[in-house]
Amino acid sequence: MKNSPSVEEQREIHRRMILTRRLEEILGVMAKEGKTRGPLHRCDGQEAVGVASCMALNTSDYVCTTHRGHHVYVGKGMEPRRIVAEIMGRETGYCGGRGGHMLLGDASIGMIGGNAIVGAGIPAAAGMALSIQVLKQDRVAMAVFGDGAAQTGIAHEAMNMAGLWKLPVIFLLENNQYGLTVRQEVQSPVEDLFIRAAGYGMPGLKIDGNDAVAVYRAVAEASERARRGEGATLIEAKTYRMQGFSTSDMGGYQSDEEMAPWRERDPILVSAKALGALIGDKAVSDIASEAETDIQAAFDLALSDPFPTFEFHRPSGAYAEI
Amino acid sequence: MKNSPSVEEQREIHRRMILTRRLEEILGVMAKEGKTRGPLHRCDGQEAVGVASCMALNTSDYVCTTHRGHHVYVGKGMEPRRIVAEIMGRETGYCGGRGGHMLLGDASIGMIGGNAIVGAGIPAAAGMALSIQVLKQDRVAMAVFGDGAAQTGIAHEAMNMAGLWKLPVIFLLENNQYGLTVRQEVQSPVEDLFIRAAGYGMPGLKIDGNDAVAVYRAVAEASERARRGEGATLIEAKTYRMQGFSTSDMGGYQSDEEMAPWRERDPILVSAKALGALIGDKAVSDIASEAETDIQAAFDLALSDPFPTFEFHRPSGAYAEI
Amino acid sequence: MAMMRYAEALNAALREEMSRDPSVFMFGEDIGRYGGVFKVSRGLMEEFGESRVRDTPISEQALTAMAVSAAMTGTRPILEIMYADFIPLCMDALVNQASVFGYLWEGQVEMPFVLRTQGGGGVGTGAQHAKSLDSFLTHIPGIKVVAPVTPADAKGMLKSAIRDAQPVIFLEHKLLYNMRGEVPDGEDELVPLGKARLVRPGRDVSIFATSKMVIEAEAAAVQLAKDGIDAEVIDLRTLRPLDLASIKASIARTHHAVVVNEGWTFCGYAAELSATIMDHCFDDLDAPVARVAMPDMPIPYSEPLEAAVIPNAARIAEAARRVLA
Amino acid sequence: MAMMRYAEALNAALREEMSRDPSVFMFGEDIGRYGGVFKVSRGLMEEFGESRVRDTPISEQALTAMAVSAAMTGTRPILEIMYADFIPLCMDALVNQASVFGYLWEGQVEMPFVLRTQGGGGVGTGAQHAKSLDSFLTHIPGIKVVAPVTPADAKGMLKSAIRDAQPVIFLEHKLLYNMRGEVPDGEDELVPLGKARLVRPGRDVSIFATSKMVIEAEAAAVQLAKDGIDAEVIDLRTLRPLDLASIKASIARTHHAVVVNEGWTFCGYAAELSATIMDHCFDDLDAPVARVAMPDMPIPYSEPLEAAVIPNAARIAEAARRVLA
Ligand SMILES: Cc1ncc(C[n+]2csc(CCOP(=O)(O)OP(=O)(O)O)c2C)c(N)n1
Ligand SMILES: Cc1ncc(C[n+]2csc(CCOP(=O)(O)OP(=O)(O)O)c2C)c(N)n1
Ligand SMILES: [Mg+2]
Ligand SMILES: [Mg+2]
């Protein structure tokens with residue numbers, strides 16, 4: 001089928017989804033033990049959205065994400081070791097420990113970046129697309145954002161301009177059914193948010209966010225459209241957040257009945273099955289054990305890295321004196 | 001037809017439209033003579049929208065409008081004399097001269113108020129509707145706003161909440177084809193903005209904004225809906241701005257070809273014709289000459305009113321010292 | 001008197017005022033069923049229903065504008081903005097709506113709304129979730145800004161804020177919610193807005209502080225006492241309008257002043273305190289006022305970095321020693 | 001040298017920088033075909049095309065955010081915000097985006113954007129179209145804020161701002177656009193950011209002013225001269241980072257200071273100037289610094305009311321006399 005990932009890509013998607021899952025599981029355990037700092041937002045169950053979408057783009061394309069961005073970071077090719085180092089506040093982290101887990105970025109591979117202001121990634125991607133259009137480059141920009149973010153004013157302003165100017169941008173709405181502890185239907189009167197695309201003169205579509213191949217295809221097609229100069233696309237990926245809002249969430253509002261069907265459709269299971277049919281189950285489980293080893297190594301290295309020492313912000317150095 | 005204005009109401013609508021037109025024409029002349037202060041935004045050609053919509057509501061209902069609000073002020077029942085006094089900076093103006101022509105209000109008749117921040121009336125009306133809902137009152141709130149305002153982020157946020165909570169609010173989008181000197185199609189990729197209502201789970205409709213009866217009917221119906229607890233409505237009234245953006249607009253971008261058909265469909269002509277069929281042409285022209293006299297009197301009185309003298313803002317008096 | 005956590009004191013104030021006046025209602029993100037990220041509104045949706053305690057979409061800009069207009073039309077809204085870092089999204093509603101219409105339509109409308117939010121750093125929430133943006137708020141005419149530190153003040157000032165006819169911004173701090181203290185009983189125990197609180201009298205230097213910095217100032221006073229320096233600590237409590245009388249009286253006694261605020265230094269709230277003191281107490285001062293505030297840079301995440309920027313007792317004590325040197 | 005209006009000087013700077021560097025582009029409301037409300041961008045869309053000179057929808061919030069991210073990805077955007085009164089809508093993009101990412105991703109990205117806007121009162125535009133909100137902007141770390149007064153500075157500083165690697169907020173004033181002055185020829189005549197301009201030397205009192213207030217300060221100096229008071233007038237030009245050296249040197253000469261800014265008083269820019277002077281020049285001062293700024297209230301519309309609030313030469317002269325008394 002047009003725009004499908006190659007077997008090699010599907011393998012890599014699977015690997016990066018597992019890297020993400022293991023990374024978060026270990027962080028989850030460390031958080032419980034009081035070894036992490038600040039809130040951590042896990043994306044267990046949503047890995048297909050962040051990973052497969054980035055895999056459908058080029059390294060030179062720009063991507064930005066939210067407070068819940070581990071799958072996007074790993075998907076775009078950031079190294080687990082430096083991700084962990086940043087989260088653990090080390091000097092070797094992507095931002096030298098200044099950013100933390102919500103604010104990672106690596107401009108050299110177009111990952112600019114995480115953002116803890118809900119909605120802020122949407123105009124950010126539109127601005128990158130504007131830059132691409134002004135410079136006449138062969139690039140696209142993508143924002144991955146939540147159902148909660150879709151209700152912010154900047155979402156509207158940015159999508160209107162993207163539609164108006166036919167900006168090369170992909171709006172990937174990751175509908176995990178929740179904004180914090182509140183279900184989506186308490187935040188918006190419409191269940192399908194992609195229908196709003198019509199109001200911005202751009203195509204809107206709904207996809208199964210737990211199927212990495214479906215995510216890849218939709219993003220690849222939107223990216224081709226954008227590169228042909230036909231403008232923006234809004235893609236709503238339906239998925240589910242398996243792990244509570246953050247490590248400080250006291251839980252209790254996601255029922256077992258609600259979660260059970262999603263557990264069965266865990267994107268890693270879905271991917272393992274599809275990939276198994278192509279390369280055999282043994283090869284699939286090898287990917288998992290390799291990823292396991294890689295993540296363990298990433299933590300080992302990152303945790304032995306040094307903490308940064310304080311320096312004044314250089315650009316404002318002249319007026320940043322204690 | 002259901003929700004049509006009575007003959008008496010139609011008469012009053014006609015009268016208020018003429019009051020508005022004459023008020024603005026005189027202000028236009030005075031502006032040219034350098035006798036006014038700051039910019040003035042005329043709504044010539046749009047009177048049906050502001051006047052007939054307000055006439056379809058009760059005095060106790062809340063209305064807010066924009067920098068271009070003379071028709072709404074007059075429509076809601078504010079007195080020309082005190083409107084003129086405010087615009088001429090007199091103590092007898094609705095805000096004692098503090099507000100000026102963009103910021104009039106009269107809370108006693110639910111006119112709260114003009115607003116020169118584009119888009120700000122939209123959440124303002126939603127907030128009033130929230131207040132009505134919390135207090136369980138038999139009231140509605142209405143925002144009259146422009147096609148330009150529809151692109152602001154607050155429009156989106158407010159409409160989403162209005163749809164979500166079924167707030168008793170009417171969003172009356174006055175599409176006069178322009179935001180400042182820039183045509184609507186340079187500001188939005190979709191021609192019909194009412195289609196966005198679908199994304200907020202509320203009904204959206206398009207009406208002829210130059211037909212006072214059509215405006216009245218649409219607003220009356222939306223108001224009934226709101227009072228029945230069924231929530232918000234978005235009404236897009238298509239109309240045209242006959243007089244440039246403001247008195248400081250240097251013009252030159254609204255062509256004669258573009259304007260000619262709208263001149264023929266001047267809302268006052270449309271109304272005169274409809275009303276003439278009901279009460280005879282003589283009675284219709286009597287309304288006009290009476291209105292003419294009233295406006296002249298309003299100017300005469302207002303212009304002999306005194307200017308205010310300066311006082312510190314009392315609520316902050318304690319810390320507003322020169 | 002009852003012993004309560006700060007968050008519980010706020011909860012009690014909300015419950016009492018909601019019971020007392022049916023025109024009071026609350027809205028904000030996650031405040032309903034979940035009871036708020038800091039659990040300040042726990043149980044209130046159950047008690048007062050979904051119309052008066054609303055979970056909202058993530059729409060700070062419109063929410064604030066709606067608070068303004070709802071307040072002008074007969075209700076007393078209490079809006080919770082989850083982090084003070086999101087205040088920039090509320091600015092148009094405050095600067096161009098609340099401030100403007102309160103003045104222009106004076107006499108026509110009142111504007112009794114409360115915007116509760118919490119700021120401050122210290123727990124690794126990073127550059128977008130740890131700021132104190134007090135000076136953006138205190139710069140706006142017609143709006144009161146308060147920041148209680150004790151549970152008793154939290155309760156008494158929140159009740160006063162809800163009953164006030166003007167907009168009140170109510171600043172909390174994420175590190176205060178679990179602090180405990182005695183809170184007077186009684187539904188009409190109000191703490192007036194606009195009055196500073198003398199935390200600790202002293203003769204040598206006056207330390208004026210806000211929010212959690214008051215606690216740091218107290219700790220600094222203890223350190224200073226060991227060196228024989230007797231510091232007076234004043235909790236301003238209301239950032240605007242300022243209790244100028246208390247400031248003047250204190251400086252007339254001590255002749256030395258340190259001002260402390262967790263916001264950025266340049267054009268920050270501490271700058272206003274310094275300038276105000278210069279305006280009103282220049283002749284009483286034996287040394288320039290020392291400002292202790294956040295260095296002018298975003299708040300870093302990593303523990304050693306964050307610890308290096310947030311003003312603390314040591315920096316306050318050092319500033320006090322400097323003005324006395 | 002050529003004689004030009006301020007608006008023409010800006011137009012020339014834009015044209016030259018757009019020609020020089022294809023990564024420079026402009027966007028804003030009405031700036032394209034119409035050439036901008038104040039005609040600053042007249043003719044540029046014709047010259048550089050619709051991709052590099054864009055009329056935009058009314059979406060200040062996203063526009064500012066887009067300027068930030070476009071600047072991080074290889075372009076040099078120039079965004080026009082029509083009135084400074086709309087700056088509150090731009091705050092999240094400045095405070096939580098530009099300021100934060102400039103620091104966190106330092107070394108990874110540059111952020112060369114210019115946000116041009118104009119503020120100020122005096123012509124009856126009312127409470128939502130006449131404000132000077134300087135202090136909101138100057139409070140933000142990592143962002144430069146400039147406010148040229150002469151056509152020569154307008155041109156030379158706009159060119160420097162466009163070439164700067166950091167965000168620069170470029171504050172104009174609606175009453176300056178028609179002022180005329182000599183402007184040096186040459187495409188590389190830059191005026192550096194961060195340096196104050198000595199407008200008029202004097203021995204008795206230093207008047208530090210910003211934007212249109214510099215012109216009022218000059219007028220005040222003329223009045224004062226008649227009474228034998230020799231006032232020094234300094235145009236700060238760059239509001240952040242401050243040219244502290246010029247301030248210190250001037251006060252070391254005059255021992256008296258008046259600071260003038262058209263924004264509100266409380267937590268305004270003049271407060272920072274006063275506090276800075278206290279921090280650095282206390283021992284040189286013979287009297288407290290006098291602040292001249294907008295009273296803390298919305299700007300009224302009617303002429304006698306507006307005239308009563310906007311700081312002017314008379315109030316500046318009076319303040320100078322007060323500090324010298
Ligand atoms: C402007 C803003 N408002 C509120 C918050 C607090 N907050 C953090 S995450 C979140 C929910 C976001 O929901 P969604 O966009 O669906 O993302 P998800 O957490 O589901 O990935 C909220 C309200 C914030 N960070 N920024
Ligand atoms: C937030 C904001 N941005 C920009 C402006 C400047 N401005 C005043 S009116 C206007 C155009 C408004 O267009 P529209 O909403 O269609 O109203 P119309 O003037 O056509 O009645 C603009 C951009 C403003 N007042 N507020
Ligand atoms: Mg979500
Ligand atoms: Mg319009």
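Note: hydrogens, waters and symmetry copies are ignored here, and every other heavy atom, side chains too, is used. Residue numbers begin at 1 in each chain, while the letters A, B, ... track the order of the sequences.
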inquiry  = I need the single residue from K174(D), E172(D), E80(D) that forms a side-chain hydrogen bond (donor to acceptor under 3.5 Å, both in side chains) with Q118(D). Which is it?
reply    = K174(D)
inquiry  = Quick check on M82(D) against chain B: is it the side chain, the backbone, both or neither that has a heavy atom closer than 4.5 Å?
reply    = side chain
message = Can you confirm whether or not the ring centre of H101(B) sits under 6.0 Å from the ring centre of Y301(D)?
response = no
request  = Among G153(B), G99(B), G252(B), single out the residue with the greatest number of heavy-atom pairs under 4.5 Å to chain D.
outcome  = G99(B)
Exercise: do Q184(B) and N176(B) side chains pair donor with acceptor under 3.5 Å = no
task = Tell me, for S188(B) versus chain D, whether the close heavy atoms (under 4.5 Å) come from the side chain, the backbone, both or neither.
result = neither
message = Using heavy-atom distances under 4.5 Å, tell me whether F86(D) contacts chain B through its side chain, its backbone, both, or neither.
response = side chain
query = Within 45° of the axis and under 6.0 Å from the centre of the six-membered ring of Y177(D), does NZ or CZ of R5(D) qualify?
reply = no
remark   = Greatest number of non-hydrogen atom pairs under 4.5 angstrom with chain D, of V186(B), T36(B), L103(B), falls to L103(B)
request  = Select, from M294(D), R33(D), E303(D), the one with the greatest count of heavy-atom pairs under 4.5 Å involving chain B.
outcome  = E303(D)
query = Any Lys/Arg nitrogen of K76(B) or D106(B) sitting under 4.0 Å from an Asp/Glu carboxylate oxygen of the other?
reply = no
inquiry  = Need one label for E60(D): side chain, backbone, both or neither, based on atoms under 4.5 Å from any heavy atom in chain B.
reply    = neither
request  = Could you tell me whether R183(B) and E258(B) have a side-chain N and a carboxylate O separated by less than 4.0 Å?
outcome  = yes
